[in-house]
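Below is one structure, written out as structure tokens; the observations come after it.
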2 protein chains.
Amino acid sequence: MPPTTKRSARPHSDHDHANCVTDAIARAEAVCAERGARLTENRRRVLELVWQSHAPVGAYEVLERLRKDGTHAAPPTVYRALEFLMEQGLVHRIESRNAFVGCPQPEQRHAAQYLLCEGCGDAVEIEIGGLARKIVSRAAELGFAVAAQTVEAHGLCSRCQQIGA
Amino acid sequence: MPPTTKRSARPHSDHDHANCVTDAIARAEAVCAERGARLTENRRRVLELVWQSHAPVGAYEVLERLRKDGTHAAPPTVYRALEFLMEQGLVHRIESRNAFVGCPQPEQRHAAQYLLCEGCGDAVEIEIGGLARKIVSRAAELGFAVAAQTVEAHGLCSRCQQIGA
DNA sequence: TTCGGTTTTGTTACTCTATACCATGATGCC
DNA sequence: GGCATCATGGTATAGAGTAACAAAACCGAA
Ligand SMILES: [Zn+2]
Ligand SMILES: [Zn+2]
Ligand SMILES: [Zn+2]
Ligand SMILES: [Zn+2]
């Protein structure tokens, strides 16, 4: 009998995703402890729910999942938790989907860059060397001071290309 | 007495913006003619309204402006026009604002890159040399086929930096 | 330990953004 | 004219996000 490991709605990669979740939570607790930020039960739970897949999840989907726990939550509950998690760099917002996804490397603040698959829905955070810096410096040439960046590439992951082929 | 030229809600640059609008419309008509795309009255009007400022404008703001003309429009009217205009590359969607802005160079399809000022709201479309290509090639290394990109930098334009200083 | 300020959560109601669906009208080709 | 295709009208509803205020939990100091 298979374990109770939860999977993405459109599962794709075969890794043991339970590890991703527990690892993410552990790291979140570590960074919050170090920073003196309060990872309350609600916030921890929302983070866990966001991490249930590698596909970005909408705030209202998080809300539903919360309610299935028996919690009596309303939209502000979720949005406030997400706001905190974003401030701490524990989740990123995917602008082109109005959705949220866990950050695999929260210890160090960074400009997020994503590959977003239109087939399976997964979001893969990447780092393109020098890209963030290039944006900042080009903006500076135009007198513009960059405070935050959004870099999202939409397309098909290798697996979805094969399926569609 | 000043001309009837309309300005941005938070006007900023002193150029004669009426030129921007008429130029944009002229170029839109040209590209549509060449492509056999039908720039109908509605679509032309929506494009005009989007161009009323250099700040991205929400679909519902366009809707309001349309109605002030006496037109009896509903949301789908606006969204359909915007969809057409985006297909033709005449407007771009600013994902981080759920809003739309006219493209200053619609003749040639391209991945849009924007500087978005949090002070005045203006969006400046830029082209960072090699950036789009770099994203595509790094994605390709990971087996990911990029179909579209979103690059948005948020911060303060030079003018707003001075004001805030 | 009790007080009082700060932070977090609860609750309600609402605004803004976007799309599904079906009907109607225009356009242009044969 | 007949017919397919494209564009619009119009209603209803789904989805995303926030304002505002009240209650509760937390925490450091008196
Ligand atoms: Zn995983
Ligand atoms: Zn995929
Ligand atoms: Zn202008
Ligand atoms: Zn500005």
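So you know, we letter chains A, B, ... as the sequences are listed, proteins then strands, and number each from 1.
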Throw together a table of side-chain donor-acceptor distances under 3.5 angstrom for residues 123-135 of chain A, partners on residues two or more places apart or in other chains.
residue : atom : partner : partner atom : Å
E125(A) : OE1  : Y114(A) : OH           : 3.0
E125(A) : OE2  : H110(A) : NE2          : 2.6
K134(A) : NZ   : G129(B) : O            : 3.1

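Within 6.0 Å of the CD atom in E34(B), the count of heavy atoms belonging to other residues, nucleotides or ligands does not exceed 12.
Looking only at atom types and distance, the side chain of E152(B) has a donor-acceptor partner in the side chain of S96(B) under 3.5 Å away.
A salt bridge links D23(A) with R27(A): at least one charged nitrogen is closer than 4.0 Å to a carboxylate oxygen. Using a cutoff of 4.0 Å between basic side-chain nitrogens and carboxylate oxygens, E64(B) and R67(B) are not scored as salt-bridged. Looking at E48(A) and R45(A), a side-chain N of the basic residue comes within less than 4.0 Å of a carboxylate O on the acidic one, giving a salt bridge.
In the helix from dT1(C)-dA30(D) to dC30(C)-dG1(D), the rotation axis of the first five pairs and that of the last five pairs differ in direction by 20°, rounded to 10 degrees.
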I'd like to know whether R93(B) forms a side chain to side chain donor-acceptor pair (under 3.5 Å) with N98(B), so could you lay out the CA-CA distance, the side-chain angles of the two residues, the decisive distance to 0.1 Å, and finally the verdict. CA-CA 7 Å; R93(B) 180 186 166 79; N98(B) 296 336; 3.0 Å; yes

With sugar-phosphate taken as primed atoms, P, OP1 and OP2 and all else as base, the protein-contact string of nucleotides 4-20 of chain D at under 4.0 Å (heavy atoms; B, S, -) is --SSBBBB----BBBBB

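When all heavy atoms of R43(A) and R38(A) are compared, the pair lying nearest together is NH1-O, 2.7 Å.
The nucleotide range of DNA chain C contacted by chain A, defined by atoms under 4.0 angstrom from heavy atoms of the protein and reported 5' to 3', is dT7(C) to dT12(C).
Grouping Ile, Leu, Val, Met, Phe, Trp and Tyr residues whose side-chain heavy atoms lie under 4.5 Å apart, directly or via other members, places V50(B) in a hydrophobic cluster with V21(B), I25(B), V31(B), L39(B), V46(B), L47(B), L49(B), W51(B), V57(B), Y60(B), V62(B), L63(B), L66(B), V78(B), Y79(B), L82(B), F84(B), L85(B), M86(B), L90(B), V91(B), F100(B).
The salt bridge (Lys or Arg N to Asp or Glu O under 4.0 Å) pairs that include a residue from residues 142-151 of chain B number zero, where partners must be two or more places apart or lie in different chains.
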